[in-house]
Amino acid sequence: MAAMTVLTGVREREHAIDVARENLQRVANLAAANEAQSLEGARQILRDLSSIPDLLDNQEDCSVLLSDILSKNTDYVNFGLIQMNGDVTCSAVTSVGLVNLGDRPHFRRAIAERRFIASNYVFGRVIGKHTVNLTYPVIKNGTVRAVLFAALDLVELDKFVLDVQLSPGSMLWTVDANGTIISRRPDPVGWFGKPIAPHLRQAVTARPNVPVLLTDADGVERLYAFARVGKRDISDYTVIIGIPYDEIVAAATRDQLIAIVGLAATITLALLAAWFGGDILIVRRVQTLARTANRIATGSLDTRTGLRYEDEEIGALARSLDEMAQALQKKELERDTAAASLQAADRRKDEFLAMLAHELRNPLAPISSGAQVLKMAHADNPAIARTAEIIARQVEHMTRLIDDLLDVSRVTRGLVKLNRQPLDLRTVVEDAVEQAYPLFKSKRQQLELDIPHAAMGINADHKRMVQVVANLLNNAAKYTQEYGHIRVQLERDGEQVRLVVADDGIGMTPELVARVFELFTQAERTSDRSQGGLGLGLALARTLVTLHGGTLRAESAGLDQGSAFTVELPYEEPPAQPGGVGSTPAPGAKAARPGRLRCLVVDDNVDAAQTLALFLEAAGHVVHVAFRAAEALELGRRHAPQLCFLDIGLPDTDGNELARQLRVLPQTAHAQLVAVTGYGRKEDQEKSIAAGFDQYFVKPMDTAKLVQLLAALKPDEVH
């Protein structure tokens with residue numbers, strides 16, 4: 001009903017506009033015909049006058065004749081005869097002096113075109129009124145001898161359209177060829193000789209065949225019709241009639257309003273009927289269902305509708321909703337149980353990884369220390385020294401595998417915090433190359449570095465970025481044959497810094513390229529690639545690059561076509577480098593041999609404790625070893641050690657608690673306490689530092705760092 005009402009109203013409005021256009025154009029044509037009839041009458045009078053034989057002979061008789069004609073045609077204000085030089089020699093109205101109309105366009109047109117001409121607007125020089133001059137040539141023996149004119153009073157011209165009935169607010173104009181007003185309703189006198197508005201003048205020029213809608217200066221929108229006054233041989237005048245648009249559609253709007261009121265009344269009655277008839281039986285029950293569904297959606301799965309399950313649609317829906325809520329509640333309980341199990345399994349996995357790392361590092365520590373002792377004690381024996389280097393290198397490789405495993409666990413759970421600072425990516429590459437160089441050397445591979453002179457600034461964690469680049473280099477070395485080539489290219493591309501690690505190794509299939517960054521993904525191994533891994537390095541590298549806001553992608557042309565890994569990071573202004581790349585202060589050729597220190601080694605792993613003691617003794621220090629916390633406290637009181645190496649996982653007392661107790665003893669209150677443990681998590685380190693440790697070493701100990709620590713300590717400074 002609403003659609004039909006609107007459609008009917010629109011059609012009625014369109015019909016009213018179409019009818020108004022037809023009627024308005026008919027009225028405009030009628031007004032133009034009336035004015036054309038008056039001009040036709042003037043043409044007939046002038047034609048008759050031009051045929052009088054002695055009109056040109058006696059000026060006085062001519063004036064008398066024209067005066068008589070003027071008296072009988074009150075619509076005109078003057079009749080006259082214009083000589084070829086423009087002088088008015090005969091006039092119904094006597095002028096004070098000689099009048100010359102030679103400059104009048106209509107006079108010249110009447111001579112040139114030898115026909116009746118209706119002039120544009122003219123203000124009469126003799127009579128001083130608003131007129132239009134109607135001219136007709138006097139032709140004798142085929143020659144124009146003079147021009148007759150009749151001055152039509154514009155006030156009288158306006159009377160010819162009085163029988164045109166206009167509604168209030170409507171406008172009627174008659175304009176000449178220049179767009180000057182020669183007739184207007186209402187208020188004709190005040191508008192004579194004035195130009196019409198530009199938008200009307202433009203419409204007159206176009207002279208549309210159907211009325212057009214225009215907005216006037218008074219802000220009223222009107223429908224305008226245009227009609228020519230007579231044929232072209234009569235005039236160039238145009239009649240313009242405009243009717244307010246609101247008036248045209250007023251009746252249709254009124255009918256439409258009545259229809260809308262009727263529709264509103266019908267809808268109101270229908271709503272009342274629906275409310276009275278359906279509120280109790282339908283609406284309230286549906287609202288109950290909706291509220292129940294909303295509460296279920298918010299998580300209140302114990303909510304029920306409370307409605308009776310009757311044999312109809314709403315009852316069936318209530319039953320289904322209650323059964324759904326019951327099923328969801330059961331699923332929610334099962335999900336909570338499964339989530340708790342997953343969380344417990346995740347905690348057990350983390351604890352297992354931490355314990356695994358601890359248990360793996362414990363045997364690695366004595367192996368590493370033992371290798372260093374062998375190397376120091378048998379430096380003159382090449383076979384033993386080479387064997388010690390092999391052991392140390394394999395221990396280092398094993399340690400990296402453990403670190404990667406723990407790093408992946410921490411990164412995937414979002415536990416890694418980046419210590420970002422302005423860096424030069426060139427220094428990162430150099431540090432990573434230094435770490436990976438032994439692998440290149442062992443496989444006799446050629447490494448090519450393409451590093452620019454300009455600084456490549458990034459905002460990153462130095463340690464983690466070195467880890468990323470080192471993983472890419474190690475991956476390239478592992479999957480490239482002996483004597484192969486590896487190329488590292490570093491460049492800047494706009495706001496990005498790009499690092500490419502490319503090799504000519506075994507390459508990758510498209511399937512492997514697509515999943516190479518997944519955990520535990522590796523290329524197929526062969527017997528010549530013994531330096532394997534767990535498939536963690538690339539996954540860890542891409543995760544760390546992503547945390548830095550960059551990207552890491554892999555490319556390969558196929559098997560045996562080599563591979564390329566590209567890192568892109570946002571460019572940052574590089575940090576100040578006073579000495580340039582590679583100008584970091586070089587350590588001394590030989591570290592100064594430390595003084596003789598009193599050392600205490602506490603570890604329940606006998607092998608680890610003894611190998612560390614051997615290493616310290618080989619370095620010239622006095623070492624006491626304890627395998628229990630109580631024994632360590634006794635040795636501390638007796639020997640006042642200056643440097644204490646404490647394992648955290650002691651059987652009788654936690655190593656952190658032992659550190660606190662040693663800090664209380666006067667003999668060890670100022671000693672250097674070093675934690676040596678297989679637990680490498682950040683929270684473990686923070687807990688130990690809070691307990692009073694000065695240093696924190698993860699097993700197996702980095703012997704280079706240990707040597708630096710021993711060199712930095714002087715016996716007279718440690719009490």
Under-4.0 Å salt bridge between Glu657 and Arg660: yes
Sidechain-backbone polar pair: Asn474 side chain, Ala470 backbone, donor-acceptor under 3.5 Å: yes
Carboxylate-amine/guanidinium contact Arg487 Asp503, below 4.0 Å: no
Donor-acceptor under 3.5 Å (Thr668 side chain, Ala671 main chain): no
Ion pair Arg426/Asp424, N-O distance below 4.0 Å: yes
Minimum heavy-atom distance Lys443-Lys478, with the two atoms named: NZ-O, 3.4 Å
Steps toward side chain to side chain contact (heavy atoms under 4.5 Å, CB included) verdict (Gln446, Ile486): CA-CA 6 Å; Gln446 182 176 348; Ile486 298 171; over 6 Å; no
Shortest non-hydrogen contact between Leu569 and Gly550, atoms and distance: CD2-CA, 3.9 Å
Donor-acceptor side-chain pairing of Asp431 and His462 below 3.5 angstrom: yes
Pair up each side-chain donor or acceptor in residues 624-633 with any protein partner under 3.5 Å, not counting sequence neighbours, and list the distances.
from	atom 1	to	atom 2	distance (Å)
Glu631	OE1	Phe627	N	3.4

Donor-acceptor pair between Gln496 and Arg498 side chains, under 3.5 angstrom: no
Heavy-atom closest pair, residues Leu658 and Leu650: CD2-CD1, 3.7 Å
Closest contact, heavy atoms only, Leu423 versus Ala460: CD1-O, 3.3 Å
